[in-house]
Structures are given as C-alpha cells and as structure tokens.
4 protein chains.
Amino acid sequence: MSSNIQVTLVQIDNYGPWTVTPEPRREMDLQTLQSRLFADVAQFVGNRDGYAFSTRYDNMIAITNGMDEDDHLTLQETLRNRYPITVSLGVATDSVPMMALTKATNHIQRSGSAQDSDRVEVFEGDTLDESDRSSDDLYVAHFDVENATGKYTNKLNEFETFNKLTRGYSSVMDYMQEFHGALSFFVGGDNYISICPRLGRSSFEDALEYAADEGDVELRVGVGSGRTVHDAGIEAKHELEECRHCDEEVSLGFPYEAKVET
Amino acid sequence: MSSNIQVTLVQIDNYGPWTVTPEPRREMDLQTLQSRLFADVAQFVGNRDGYAFSTRYDNMIAITNGMDEDDHLTLQETLRNRYPITVSLGVATDSVPMMALTKATNHIQRSGSAQDSDRVEVFEGDTLDESDRSSDDLYVAHFDVENATGKYTNKLNEFETFNKLTRGYSSVMDYMQEFHGALSFFVGGDNYISICPRLGRSSFEDALEYAADEGDVELRVGVGSGRTVHDAGIEAKHELEECRHCDEEVSLGFPYEAKVET
Amino acid sequence: MSSNIQVTLVQIDNYGPWTVTPEPRREMDLQTLQSRLFADVAQFVGNRDGYAFSTRYDNMIAITNGMDEDDHLTLQETLRNRYPITVSLGVATDSVPMMALTKATNHIQRSGSAQDSDRVEVFEGDTLDESDRSSDDLYVAHFDVENATGKYTNKLNEFETFNKLTRGYSSVMDYMQEFHGALSFFVGGDNYISICPRLGRSSFEDALEYAADEGDVELRVGVGSGRTVHDAGIEAKHELEECRHCDEEVSLGFPYEAKVET
Amino acid sequence: MSSNIQVTLVQIDNYGPWTVTPEPRREMDLQTLQSRLFADVAQFVGNRDGYAFSTRYDNMIAITNGMDEDDHLTLQETLRNRYPITVSLGVATDSVPMMALTKATNHIQRSGSAQDSDRVEVFEGDTLDESDRSSDDLYVAHFDVENATGKYTNKLNEFETFNKLTRGYSSVMDYMQEFHGALSFFVGGDNYISICPRLGRSSFEDALEYAADEGDVELRVGVGSGRTVHDAGIEAKHELEECRHCDEEVSLGFPYEAKVET
C-alpha cells in the first residue's frame, strides 16, 4: 500500500551557546565532537536497521522504523552519559517523508527554543505500532554520478569537484522534494540517498532528466523497498550496482515495480 | 606580507569500489567509518593547530601550516593501522588558498586515479620551511546567520532550514572563491568558515551584501589572522562574538586591519 | 529459580600475526584500535542491556541475555565493515557463569585455532529462547574499596595503587570463581563486577572476609538481580550506594534476598 | 649515559562521584567513555611518539618524552571540549621510571584530593628540555608468552587463560619493579610492556627465570632503546620478532647491548 515513514529529529540542546562558553572552543574539537556524536547516532540507529543523516550536525534527521520509545530513551541516556551535551528527540510518522519530518520537528519546537537552556532532553511524539508495519513501508533511492572519478575527481581540484556535485544534485533534490515530498541527503563521495514515498520508474527518469538539464550532471539511480530503511537501502544499492553493470540509468527492485501504479 | 597557506588533500585510496566489495556494505557502517575517520584526521591535524574539513568524506581538505613531512607520514601510518582503508596525501603552498589546493590535488592526480587499486598511500608535495612562516600566514573568516535559531530552527522543518542555509551560503561562498580564491566550508549549525587571502573590511562588507541580495540570508562575519589556522580561527571566533555583542556585521582583529591595504 | 546466563566470547580472528605483519605496528595504534573496538562492542551489547568486558582485548567476554542470533551476526558485520579485523563469536547458556563461558569458548575452539588464517567470523552456539527467560536470570555483584581515594589514590603512586588493588581483588575473585563459578572483572577505578549465580548474603560476607584476610583490602558489595545483566547491574549499583550511605558492607536488593535460600 | 624518563600521570577529576550522580550511570556507557578517553589519550600521546597505558582508566600513566607543557595543555583542552569530564596532569622526569611516576603523582596529590570538586585541570611539574634529551633516554622491554595460543587460548576457557597469564606475569612484573624500578603494563593478548632503566642481558634472563619459577609461565622478551618511547618500543618489537624466528628467549638491540655495563 502506501509508504509509512517514521522520522526522528535529533536536536542538540542549546548547542550554539555551549560552543562559545566560556570562550569559543577549538574548531577541530567541535568538529570531532559533532562527527563522533553523529557516528554514535548512526551506529545506534543503524544496527537497529534505521538510517541517520548528519544534516547540520546540531540537528540530525533519522529514519527509525522499528525503534520504539524505549530505544529512543536509551539513545538519549547513552549520549548524556558520554558527551558534554544532551539531545532532544521528536518522532512522527507519515506516508510522505517531508510531512513526517515536519511533524517531528513540530514536536520539538512546541517544547521550547533550540537555544532555551531550560529545554533539556525532550522526547515527544509517537512511534509506529508493530501491527501497523508492513514489508514495503520504506522506499529508498540511491543516486550516484556516472564516472565521477574520471570526470571530476581525477581532473578538477577537490573544492571544484565538491561544488560541481553539490550544485548538480541540488536541482534533483529540490525536484524530489517539491514533487514527491522526498528527503534527500548527501552521504559522501558522489552519493545521495533519497527517502521517498512509493514512486514508479517514470518519476525517477524525470528526475534524472531534470538533473541533466538543470544541474548539468548525469546521474544513475537504484531504488529499493523494505520493512526497514536498511532493507530498502540495501536493495537500492544492489539495484545501483545493476545500473553500473548493465549500463542503465534507473533500476528498481522487482517486487517494488510490480506493486506500483504510476 | 602576503598570506601563505599550506593545504593537504586527504584522499581515501580506491574507496568507491571498497564500499561495494564483495557486496554493498551497510550504509550506516559507511557513515560511521567516514565520520570517525574524519574525526581522527580533525584531531590529528587540529591538535597541531591545523584545520580539516570533511568535504566529500572520501576526499578531505586540510589546512596544515606547521605540519611537516614526518607528521604527514605518521598520519598515513596511524590510519592504515586502525582502518580497513588507506589514504593518499598531496600537499602544497600558495598565497591563494584555491591555488594551493589545485597544486595539492595535482600532486595526487599525477600519481594515478583515485580508483586505481595500485595507487596506495601516495605522499607528494612540499611543506613550508619553518623559516618561511610568519605571524600572519593565515586569514580565517567565520560566518554565521543572524538569529538563525529564531528565524529558521524554531520555525521551519529541519530539512527546509538546512536547504535554506545551504542555499543562502552558496552565493557568498561562490563570491569568495571567484573574487578572492577563498576556500569555504560548512562546519555545522549555521556556521561557515572561509580560508581567505589577506582582505580588507570592504571585501567582507561586499560579500555580506551579495549574500543578502543573491542568497536572501543575513550574515555576520568575524575575521582573524595568525601563524596557524587555529590562531587565525580563534581570533575570527572572538571577532564574531564581538559582532554579536556590538550588533555589527563585520569585525576584524585589530592587528590584521592595520596591516591590510584594501 | 536458578540463574540463567548467556555468555558470548568475542575473539579477534588471527590477531597476533596481524599486529606484526608486515612489520610490527605502532603500539599506540594497537591500543587505540583495541580500546575503540571494545568500546564499540560495549555500546552494541550495552544498549541491548548486555555487558561486555575487555579481558585481554583480543578476547572479550560478554553477557548477552536478550541478544539473539541476528544481533550477533549484525555485530560481526558492523565490525567487519569498519575495522581492519574480523571477530568470531561463540555463545552458550548455563546456570553457572563459568560453565556458560567454557561452552562458549569451546564453540570457537572447535572451529579452529585463534591463529588459523582460514578461521574467519565463526558464529557457533545457541541463544536463549524468549520463553526461557525470566525476571531473575542474572545476578550481579558490584564491589568497590572502602575509601580507596583516601587510602591509596591520594597517598601512593599510581602504579602502587593499581598493584595494591589488583592484588587485593585477586583473592576475592578467585574465591568467587572457585566456590561459586562466578566471572569477575575489573571495570576501572576501584570497581570490580562479578557475574554470579544466585547466592545468599552470607556468601558475600564470606567473600569480603576472605578479601580482608588474604588480600588485605576492605571491600563493600552491592548485589542486584534482573532479567538482563543491565537490570541486575543497575540494582547492584544502587545497593552499593546504599552500603556507602548506611555504612554497610553488603547490600542486596530486596526481591532478591527474599527468593534466595541460603 | 643513564635513562631519562618523562612520566605524565593523567587523572580524571572527581570521577567517582560523577559516575553515580545524580544516579548510577549505565555501566556500558562508563566503559565506553573510559575506553574512548584512553584511546584519545593514546592517539594524542602516541602520534607524538609517546606511550599511554590504561592502568585504572580514571588514572592513566603516560611516557611523554618529547611533549612539552604546551602539548600537555592542549591535551587538557581537547578533552575538556569533548567529554563530560576534565583531567589533571602531573609530569616529572627521572632516570628510574618508578621514581618519575612517584614525583608526577606527588605533583597532583599536593594540589588536592582526586575527589575534591574544586581541584580541576591541575597541571604541575616540569618537562624535559630539548637540550637534556639523548638518543637512548628510553628503554623498553616487550614480553610475550611462548605459544600462548596453543597452550592457553585454544585449550582453556577465556577467563582461565586471562587469569593464568595475569598471574604468570604478576611475578615478573613485581621483580622488574622491585629490582629495577621498572613500570610494567599489560597491553592485550599475551603482551606486557616494561619501561625500564638501562639493564644488561643477564637482568632479563634472571627475570624470565623468575617468571618460570614463580609464575609458571615461559616468556620471551625483546628490548630496545631510543630517544622516544616509540623508538625504543618499535626496536623492542623487532627484537621480540627476532626471538620468535631464532627461538631465543632474550634479544637486545645491538647499539643498546654495546653501551650497557652490566
């Protein structure tokens, strides 16, 4: 039936002021703290078959189907016990990823400002009941660039390559958000991952065409579905390998294609 | 005097193929690996008063004034000993940051493709002699958004906030690159750091005006200089605090302002 | 009824040879690798309400009630994806901790030598069925030293303090193993944790007396029970706080004491 | 010349009370925190060619020849910026390792109790002047057990192996301390590292004989010297490889052996 996405917003409590109190802190210590905090969130969520994206680091977006309230509270506890900061969590579900995130964000926003020193370790929202979950709740599209190494990495300087890719992807990510309510994230190298609602092949063909026209970048995309975002994401990766081997632009997991009415 | 920037490009050897061999790997494990690798590079470089930026994660850009060849080789060794991957390093110096990066990138590119399995742990390029270093080799501009929490974080959903900021910054970062050869990086929250050549106050005023007009975002910027990028960066952070407290848009460290002819 | 302990032995595959191939590796890189690997195992197991102990680092002992085979396989996968080494896992259950460990160790030993390069990522053994679990499967005794800071840390040099404590504990740990089949581990500072079968108050009084006589060290102990080792361990910590506040030597959680026939 | 060892004691400030305030914290979070803190200290010290040993985790012993006061202050700063705890540092130098540690410990002890909440980030003591350093300031002995895998790991259960080795080593480590003022530490697997003063071959032969008689364990040892503990340690590891290949019990680096009068 329709997609069913549980989104958790992870927001560091009152982080901005902390970074400059009592004095501005060493930038590389902040970078290390943020990266390791994200890595810990990614591991915690990831080995429960969820995904986390670093986004702005002080705010991280996670896809958490399969994680219940206890899991969320344990995450808050383990971070509080090991870091000099705490996190608030908002969680919500919807068939459209953007909508789920908006609800999750609202849960936190209603509890106070991100820079309110009294707002500590909020947990608000609802997680999916096991009985409401099904085998195709999640749809993941994994994009990469055709021959990015040959075209960019080995030719341009790294700052130019980074900007070129960021810009190229920007168009298609906007497209995916505006037309489909998808949430898309850069995940390193030349890879983007899009958390989508259920879509047919033509939607992805249109997206790639848009990327080529507006973003001047030639993309490929593998799409998968599953009960968890990890299941959907691994299928998407296999489909992307399929694209590479068969020189196709779009590849969708079979069971997925069958059940979609475009 | 002119600025004098030592840039190191850190490139994971043959990373793309590794991520899908023998099967595509769990995305959250890749995210964890990349983030922790970056954190380790940031710590290594940072506690020698350098800066590292995560960029694409498989390619990281570091500012390394004060690190010699031995330091670079130790970095390669310690990563090889603890991670399932290795890194190549290209290092170069110039008065213009972009130019230093281009040279550093070239050093690696000339040694083979990023996806050449025979190209392992290249170290190419030259580090600064101690005798060529001076107390204002580095210039750092630290930008943030006026009241980002009130305007965005507490109002929009996190994906929209992220996109809004990314887009707003995009214009000013292009401007800094095109007109001044600066390298600018997102460092989390609503913060960007720009590694600049020597510039006067009016250059930054122009940049902020450009950001407001083209990027629809109101920025502030603190600028500092120093013998190391950490010294320059800490001064820039203090100047940015100065902006916040005195409600100014641009603040430059005094010794810096004195010696610049705009 | 009786205790019911699921033990997992985590053994790095062929680690010794790796540390000296092709050349002996930097000791601090090995220390970092081992400590972080243990930290990752501790987090993975710990946020599933299990415990892991660092033991010899290349062999770690974990108490894993509540973790099924899938959890174990995910642990193997996530380590393989991020470290230059792999691990084998043996798992077994018994009412006596030592016996469970012996079985778990046997599972791995039967699959080949720890230094057999062909023995990779063994998973052998059986996990507890949910239906076989109960609310007092685990018993944890948490020991510390009366006024260790005043007696040792603030007076002796750190090496002497460490040796004094190690030696003092050695006697009681032997006692707990020999008479009760308990597994005891140093967990930092002046703390030891003992995974025990069900025991009455007098058993712990005897152990402390033995420690004072043979090990010349005055200990306190809090004891807890639970469905998971985390539950039992947290109760033990609270009981130890009780000892501190009430100046008692032994404190047992009430429900526990009630159900024990000494 | 005589040996010349700079020792730094790293002590977490007021750690015990923190672990139980406001409530006892999850044990696996404490384990993770301690292990990662140690790993960070090991990396910081290690990539400056020093060594750190985990000891009791809330107190760590480091050998820091080559690190000056600024390095120590940077270590304090980077830990404070990223962890919920702070550390005090005492540093001292002597030709006898135990004596250097005693002085380093005294520096911290004189500044207040380890559980005094007002004693925060003490730095006391003196580092070596560059002019006082020489190419054989450090002597490292690296011990392991002959065929530990065959005799123990593949035969006993892991707890028994751990105890057997701990006990075996205990005798020789006491011997090294009592007769030579050496500091010896377990570093994982079946390996111990001893920071020694300058000693001749016969001293090590006596130590191994003592281990066999009193500790019932057959050891080998490689010994190296150098300007830094890393240099000495790497030579010791190569010498230990030499023992393995040539079936010797003791192997000393040549330049070392030449300059020792036994």
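Below, chains carry the letters A, B, ... as their sequence lines are ordered, and counting in each starts from 1.
- Proximity to chain D is absent for every atom of Leu33(C), based on heavy atoms less than 4.5 angstrom apart.
- Atoms CG and CD, from Leu138(D) and Glu235(D) in turn, are 11.5 Å apart once rounded to the nearest 0.5 Å.
- With a 4.5 Å cut-off on non-hydrogen atoms, Asn106(C) does not touch chain D at all.
- If you run side-chain hydrogen bond (donor to acceptor under 3.5 Å, both in side chains) between Arg56(C) and each of Thr153(D), Asp190(D), Thr166(D), only Thr153(D) comes through.
- With a 4.5 Å cut-off on non-hydrogen atoms, Ser54(C) touches chain D through its side chain but not through its backbone.
- Residue contact with chain C, scored on non-hydrogen atoms closer than 4.5 Å, involves the side chain of Arg167(D) exclusively.
- Only the side chain of Thr149(D) has a heavy atom closer than 4.5 Å to any heavy atom of chain C.
- Below 30°, between 30° and 60°, or above 60°: for Phe162(D) and Phe186(D) the angle between ring planes is between 30° and 60°, a tilted geometry.
- With a 4.5 angstrom heavy-atom cutoff, Asn191(C) does not touch chain D via any of its atoms.
- Heavy-atom pairs under 4.5 Å with chain D peak, among Asp144(C), Thr105(C), Asp58(C), at Thr105(C).
- With a threshold of 4.5 angstrom between heavy atoms, Gln34(D) approaches chain C through side-chain atoms but not through N, CA, C or O.
- If you measure heavy-atom distances from Lys155(D) to chain C, the contacts under 4.5 Å come from the backbone alone.
- Your options are Asn47(C), Val187(C), Val45(C), and the one with the most heavy-atom pairs under 4.5 Å with chain D is Val187(C).
- In this structure, chain C has no heavy atom under 4.5 Å from any part of Leu240(D).
- Residue Leu183(C) touches chain D through both its backbone and its side chain, counting heavy-atom pairs closer than 4.5 Å.
- Contacts between Tyr15(D) and chain C at a heavy-atom distance below 4.5 Å are absent for every atom of the residue.
- Using a 4.5 Å cut-off between heavy atoms, Met98(D) contacts chain C through both its backbone and its side chain.
- Using a 4.5 Å cut-off between heavy atoms, Leu165(D) touches chain C through its side chain atoms alone.
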